[in-house]
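A short worksheet on the structure shown next.
Throughout, protein chains are lettered first and strands after them, A, B, ... in sequence-line order, and every chain is numbered starting at 1.
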Protein chains: 2
Amino acid sequence: MEKKKSFTIYDLARKLNYSPSTISRALKNHHSISEKTIKIVKKAAEEEGYRPNILAASLRNNQSKTIGVLVTRINRPFISSLISGIENAASKEGYNILISQSNDIYKNEVASAKALFDSRVCGIIASLGMETESINHFKQFSKMNIPVVFVDRVPADFKSYTVVIDNYTAAFNATTHLIEQGCKRIAHFAGAQHLNVYQDRKKGYTDALIENGIAVDESLIITMKTLSSEEGETATTRLMQAATPPDGIFCSNDTTAVSAILTLKKMGIKIPEEVAVIGFNDDPISSIVEPALSTVSHPAIEMGELCTQRILQHVLKKDDTPKIAERSVLDTHLIIRASSTRKNA
Amino acid sequence: MEKKKSFTIYDLARKLNYSPSTISRALKNHHSISEKTIKIVKKAAEEEGYRPNILAASLRNNQSKTIGVLVTRINRPFISSLISGIENAASKEGYNILISQSNDIYKNEVASAKALFDSRVCGIIASLGMETESINHFKQFSKMNIPVVFVDRVPADFKSYTVVIDNYTAAFNATTHLIEQGCKRIAHFAGAQHLNVYQDRKKGYTDALIENGIAVDESLIITMKTLSSEEGETATTRLMQAATPPDGIFCSNDTTAVSAILTLKKMGIKIPEEVAVIGFNDDPISSIVEPALSTVSHPAIEMGELCTQRILQHVLKKDDTPKIAERSVLDTHLIIRASSTRKNA
DNA sequence: GAAAATTAAACAATCGATTGCGTTAAATTG
DNA sequence: CAATTTAACGCAATCGATTGTTTAATTTTC
């Protein structure tokens, strides 16, 4: 069955014997329309159930009130909270959210970027996929002066807005904490090194070791492709079966950290006495696992809100695309729980 | 700075000395355009980086390829997986997803529904909020023959599509399982009773008791407003301090179930020996908590995909809005873990 | 070779809201 | 009271893609 056609300002105009332009202006309290007319029009609009056609308005104005969001996987704790923050801040200002996920596949990411562009979003917020090395698919936005905000996983050199946490310092502090707890041989579960977040976390880790006079042992650094629990289990097993196993592990995410804890327990290794573990993200599971996982807070909702603010700021002020990457760095803090708290420390 | 205006079919037409209509048809391989022309047009479009303006097309066709999604909170495991399923199925068919969350506030839900309507979505997928009792804000869609799919938390009597699981049977089976494990006094953490899911779960629980010759003890049924972990803790404490505490708890969600487990452990009560616990949803935390939580699978991704299919089916076939609620009921299954497995059972 | 049929492309209206400019009538001014 | 403002509203173009209807050119048919 055909979709019924909707009630428009033309219908309203005909009904009230006004011109469509008067209706349009009346509905938005234009000063050149009399109070009386405005009242009449609004009343009739209400009665007839008039609803504006945003598509038409966007087309005419050449600007939608829709923000595109491009992420890897919606159903991950950090991402879903990020989106939640984006949505809250956006809907408060009357903006909509168009969402697309790449499932960490580069081809999808490119296609999604194109789709969002075609939908004429007024700005785009993106967190890069694991496979992403080139970011040409974001240039179309910049060319049209549509603001791009990269969040969390950001490219190295793209003239845009970025919203990140200080991964380096967070990792440095996490590692230092392990050292303070008496760990001498600290392993690291690193993520894909072409992504800034994992690169920075690794650097923070190595620098903390060096600062404390501990030599970096490459055999203790396990670089993973996806930081999945399977990879975490494999890595933990391998590490612990080595001649000189570690007494601490700093994991680049909570998934692998929890996996490490479960694996260690299965092996009968005491946490944190024999091996202390610290993760990253503060996912819900981190406070449930036993012993509870020490980790680094990741202010997802706040980051999301900030992303939206960046977009709105650009759109409302009609700023030009930043000439350089304009970074916002949010604070994180260590969350110390049982998995890294040694009784005698 | 102003947004640059984009390259349109008019620009292309001028450049190639064709009319805009020819360009439009050529781009979609219309039969009345010669192969040669099609090739020329497509080549030029590619070179010039032409991108269609979906807003214009949608306006003209009076139908967007955008599906609206209205949920309570994006950052909840079930919801985010649901959205993930919706998105995957939609993007595969070239449809976009517009998301809005109500934060379980009725006023927001109404506003979001309105916003999605104004955006001219081609269909809407919704899961009702805790406060929602009236669903008039969805009637505008039906009136325009825009398909509405309610998922999980669905209204009792709305002529639309619904995608649900068989909460009654799942609850019945979960409760029966506890009985089989030797539980005699089974408590129930119930959710808001105006929502079908919680109502059905409660009914499944009571019917299982009755079927097994166990009297329903109202004092063992705790009805919660939001099924939060705080409520779970309070309820658990209260129950266990009563004269005749329960020896089993069937919780309407995993959040309260995990909360119950943690509280019981804190009280020094053995799980499952003294109290067996079973939850609902199979959230990630359920397999991490110790003892691991028995629960009911909730096929979130699959449900999301099905929701999208319902929308597309309607839109593509131009079906009329269903005269009655057209239900899709998905299977769930018990996931038996340690929290309900008694050694001697 | 003229009429009919087919092919290829142009014309022009349309979707609904917006807005610069023009018009009319009422109000103000000197 | 004529001249000028001001107030209130209408006209018509515009945004970009789509599509029913024509038109023009080419091919086929007898």
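Not a single donor-acceptor pair under 3.5 Å links the side chain of B/T22 to the backbone N or O of B/Y18. Of the possible donor and acceptor atoms, none in the side chain of A/D152 sits under 3.5 Å from a partner among the backbone N and O of A/V164.
Residue B/I23 contributes atom CD1, which lies 13 Å from atom P of C/dC11 at whole-angstrom precision. Spacing between atom CD1 of B/I33 and atom P of C/dC11 amounts to 13 Å, rounded to whole angstrom units. Here the P atom of nucleotide D/dT18 and the OH atom of B/Y18 are 18 Å apart, to the nearest Å. The interatomic distance linking A/N29 (CG) with D/dC9 (P) rounds to 13 Å, in whole Å. Here the P atom of nucleotide C/dA9 and the CG atom of B/L16 are 12 Å apart, to the nearest Å. When rounded to the nearest whole Å, the span between NZ of B/K36 and P of D/dT26 equals 11 Å. Rounded to an integer number of Å, the gap from NE2 of A/H31 to C1' of D/dA7 is 10 Å.
A side chain to side chain contact (heavy atoms under 4.5 Å, CB included) with A/V149 holds for exactly one of A/S328, A/C307, A/S160; it is A/C307.
Using a 4.0 Å heavy-atom cutoff across all strands shown, B/N17 reaches sugar-phosphate atoms only and no base atom. Contact annotation for B/S34: backbone-only contact, meaning every heavy-atom pair under 4.0 Å involves sugar-phosphate atoms and none involves a base. Residue contacts shown for B/S58 are absent, as no nucleic acid heavy atom lies under 4.0 Å away.
Residues A/F158 and A/F150 place their aromatic rings such that the two centres sit under 6.0 Å apart.
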Just by protein heavy atoms under 4.0 Å, how would nucleotides 13-18 of chain C read 5' to 3' in B, S and -?
-> BBBBBB
CA sep, side-chain torsions, deciding dist, call: A/T37, A/S34, side chain to side chain donor-acceptor pair (under 3.5 Å) | CA-CA 5 Å; A/T37 304; A/S34 71; 2.8 Å; yes
Hey, mind stepping through B/S64 and B/S58 against side chain to side chain donor-acceptor pair (under 3.5 Å) and telling me if it holds?
-> CA-CA 5 Å; B/S64 69; B/S58 297; 5.3 Å; no
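Contact between the side-chain N/O atoms of A/S32 and the OP1/OP2 oxygens of D/dA8 is not found at any separation under 4.0 Å.
For the 3.5 Å distance criterion, the side chains of A/S81 and A/S84 fail to qualify, holding no donor opposite an acceptor.
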